[in-house]
Each structure stands twice: as C-alpha cells, then as structure tokens.
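Reviewing the structure listed below.
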Amino acid sequence: MSWNHRIHQALQQRQQQHLQRQRQTLNSAQGPVVRLNGNALINFCSNDYLGLAGAGGKALAAATQQWQLGSGASHLVCGHSSAHDELERALARHTGYPRALLFSSGFMANLGTIAALAQRGDYILQDKLNHASLLDGAQLSRARLQRYRHLDYRHLQQLLSDHSAGESKGKGGETLIVSDSIFSMDGDLADVAQLSSLAQQHQALLMIDDAHGFGILEAADQTSGGGARAHFGLTAEQLPVYVGTLGKALGGYGAFVAGSDELIDYLIQFARPYIYTTALPPALAEAMLANLELLQQPQRRQQLQQHIQYFRQQAAALALPLMPSQSAIQPLLIGDARRALHISEQLKQRGLWVSAIRPPTVPDGSARLRITLTASHSRDQIDRLLAALARVLE
Ligand SMILES: *Cc1c(COP(=O)(O)O)cnc(C)c1O
C-alpha cells in the first residue's frame, strides 16, 4: 500500500460517510452578519461571544504604529516585549492568579502545559469530551491517560480511588485531572468546585481549560468576567492550573496559562510549545490588552445572557431539540450526520449560517447544529433563526 493510496482511501471514506469537512471562505470581517460567496448571512457559528473580534481593529492599528508587525523571535531569544509583559500582568490580575504566561494559541498552551507537567509513570484523568488539544497533550506527555464519562464525577472518583490503591502497592506517579469548563460542542459546564475538592482529596493537580468561559463566566457579584475560578468561588490554590484563550470571548488570537509563580517559571523552562515558537506580534498583545479592559464593563455579558435566556425559552416553546446548556453554545441535537448537514444547508438558503458538527468531532450518532449566540446579535436576528429552525425541523 502506497502513501498515495492511503491518503486517497481516507479521503474517500470521509466522503462516503458524509463526514468530509469543507472550508467556507468569508469575504468580510467577522461579525453578526458576514458575506459568504457574495451572500450576506446572519452568523451563528463564531466563538466571538462578546462581539470583540470586530471591535479591536482600531487598537490593533494604533499598536502597529509603535510595534510594527512581527515579534521577530521566540520569547526566550529576543521576541519578548513590554506589550507581552503588560498583557500577562493584566491577565493575571483579571483572573486572580499571581502570574500568567502567554502562548501563541490555546492548542499550544494545552499541549505544552500537560506535556511539561506530566511524565511517563504519571496518571492523567480527563473528561471524555475534553478538547482535542488536551487529549493530545496527554499523549505527548507519555503519561497514562484515562477518560472518565462526561461530567460523571463518581466515575472519576472511582478511577482516583483505584489509582490510590495501586499507589499503595508501590506504583508511584503523580495524578493530573484535566477538564474543559464549558464544553465546546455541548455548551454544558463542568462542576469545577467538585473537581477541585476531588483533586485535593487525592493530592492530584487540577487543570481547567476555560477557553469558552474566560471573559464570560463571572463571580456572583458580576464584576469582571474573571472566568471559571471566580465563577466557582475558588482560590488560585484550589484551581492551580488555569488556561484561557484570547480567540473566543476576547475576540483576538493567542492564549495564556495562569497559576503560581513557580508554575509559570516551570513552564518557561519546560513547555516546548512556549519555548520553540515565535512570540505573538506585540501589537496584537497590546490590542488584546485593550479588549481585556472592555471586559470590565458588564453590558456585553448581560446582553449575551439575555439572548441565551430568550433563545432557550423560545426554542423550548417550539419543542426544538435543545441540549442542557446555559452557555452561548446552544447545540440542537440532530443525530444523523447527513441530516444535520442538510438542515444546515437549508438554513443557509434562508440567510442563516449555523454549522453542522459531525463525528469525529462529536460521538457517532450525535451530529448536531452548533448555534452560538453573541452579544452583537439583535433580538430580530435571533427571531429569524428561531422561525427558520421551526420551519426546517418540523
Ligand atoms: C478553541 C479551544 C481551544 C484552542 O484554542 P485556540 O486558541 O483556538 O488554539 C482549546 N480548548 C478548548 C476547549 C477550545 O474550545
């Protein structure tokens, strides 16, 4: 069997199963309405939950005057600037940690952090629906990976207990528990407080990927959108490894890990996707700092929450197949991949863009429409979506 044959066969198989993915090429900036192949579509696909992807352009243009385009090198060579430094300090303050470390993307932050922390002989426990980058990080670390059933903390406890029993028989190794906060394809929320207490009981380290929660989840007093730690009222010690991304609610690009002084020092020394890659453009870091300041105002988060409540209420009245999500990610479960694709196509003909998410991104038989709401949508746009969904799903 030749390489060509293998590649050809894999592609053919994808197509036959209706699982082939295709890129859609935008002709406009990201926003609640985008242009696709010349047509204007109301966009319910993006992770730009607060509408900041379209808002940071001016800040970026201004920052480019000072910093020009590239960082020129990795952070440890000569690519680290005061713009990066200020953003890291602001992210640490915002999330309530002693320090933060910028990565070029969330994928790299997760890969680099897990692979730097865990080693052969360690034990990594992950939610079955964790993001691909978390699972890949575990592979890369050479530690033993076991996945517990989605949000099933009894299963997790069982695995932790089994492991402790093994440990007392001399099988050493540290334990790392890793979970998404808000799950990217389901929109539901991990019980991070429970994960934290399980981790403490079993002397395990807890790492939370808050890609969809950073900027959105907030403390009960709704002050600043400080993320999953603030939302669950945990201290930095109770949630020692926190990952946030800048490409979703913050509307830009990049990611960070927040934690203790020593954790950050350790990652600077040992996280290979941090060390061996070009630093983010410093102008981008400065633009992200401007967007971070916008999070101090609650209006965008409040607008988003109102849209979520409204959408769920109306969708329930229409008996649409809602999933148990309180977040901006509101999937409708369809099941069959081909049907999901067909519905997505029908919506597009009505001027609405909703992506069909199919295996292997989600488990077999659970293809879905992944609707994402943002603060920049209008009530009227959401009404149009609901009316079209009622029509095509009847
Ligand atoms: C998007 C996402 C990532 C990856 O972040 P990027 O900055 O886009 O690379 C990581 N984890 C989760 C849960 C995500 O949804």
Side-chain angles (χ1 to χ4, degrees), residues 21 23 30 45-50 52-53 56 84 87-88 91 95 100-115 124 126-140 147 150-151 176-192 195 206-217 227-229 231 239 241-258 267 271-274 277-281 284-285 287-288 291-292 323 325 327-331 355 357 360-363 368 370-374:
R21 293 120 183 267
R23 298 179 302 176
Q30 197 51 246
C45 307
S46 87
N47 301 315
D48 181 24
Y49 303 126
L50 299 179
L52 296 179
H84 298 114
L87 178 58
E88 286 180 344
L91 288 166
T95 52
L101 184 69
L102 281 174
F103 279 76
S104 295
S105 75
F107 204 107
M108 288 167 75
N110 284 338
L111 272 191
T113 302
I114 297 177
I124 302 178
Q126 297 207 21
D127 190 291
K128 196 136 197 185
L129 296 189
N130 271 359
H131 192 262
S133 55
L134 297 168
L135 299 167
D136 287 3
Q139 301 278 348
L140 196 59
R147 298 196 291 165
H150 181 50
L151 300 182
L176 176 65
I177 300 172
V178 186
S179 179
D180 284 19
S181 56
I182 293 173
F183 286 83
S184 48
M185 296 301 140
D186 291 58
D188 50 359
L189 176 64
D191 184 344
V192 181
L195 286 170
L206 177 63
M207 168 172 171
I208 293 293
D209 175 357
D210 202 24
H212 298 277
F214 172 62
I216 302 287
L217 292 175
R229 187 201 59 73
H231 182 74
L239 201 185
V241 188
Y242 176 94
V243 178
T245 65
L246 310 180
K248 287 167 182 153
L250 217 61
Y253 187 75
F256 65 98
V257 178
L267 293 177
R272 293 163 66 87
Y274 177 77
T277 200
T278 301
L280 284 179
L284 180 61
M288 298 317 313
N291 276 8
L292 188 64
M323 289 173 68
S325 160
S327 73
I329 303 163
Q330 288 294 326
S355 54
I357 305 285
T361 304
V362 292
R368 65 199 65 180
R370 181 180 183 267
I371 294 161
T372 51
L373 301 170
T374 75

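The figures here come from the full heavy-atom set of this structure, side chains too, leaving out hydrogens, waters and symmetry mates. Whatever order the structure lists ligands and atoms in, that order sets their numbers, starting from 1.
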Pair D186 + R368: basic N to acidic O under 4.0 Å: yes

Flag side-chain contact, heavy atom, 4.5 Å: D188 against H150: yes

With sequence neighbours left out, write down each residue that passes side-chain hydrogen bond (donor to acceptor under 3.5 Å, both in side chains) with R23, or none if nothing qualifies. none

Does the side chain of Q126 come within less than 4.5 Å of I114's, by heavy atoms? yes

How are the rings of Y242 and F256 set relative to one another: parallel (under 30°), tilted (30 to 60°) or perpendicular (over 60°)? tilted

Any protein N or O within less than 3.5 Å of an N or O in ligand 1? List each pair with its distance, or say none.
unit_1: ligand 1; atom_1: 7 (O); unit_2: G106; atom_2: N; d: 2.7
unit_1: ligand 1; atom_1: 9 (O); unit_2: G106; atom_2: N; d: 3.1
unit_1: ligand 1; atom_1: 9 (O); unit_2: F107; atom_2: N; d: 2.9
unit_1: ligand 1; atom_1: 11 (N); unit_2: D209; atom_2: OD2; d: 2.5
unit_1: ligand 1; atom_1: 15 (O); unit_2: H212; atom_2: NE2; d: 2.5
unit_1: ligand 1; atom_1: 15 (O); unit_2: K248; atom_2: NZ; d: 2.7

Nearest 0.5 Å please: distance from the CG atom of L267 over to the CZ atom of F103. 5.5 Å

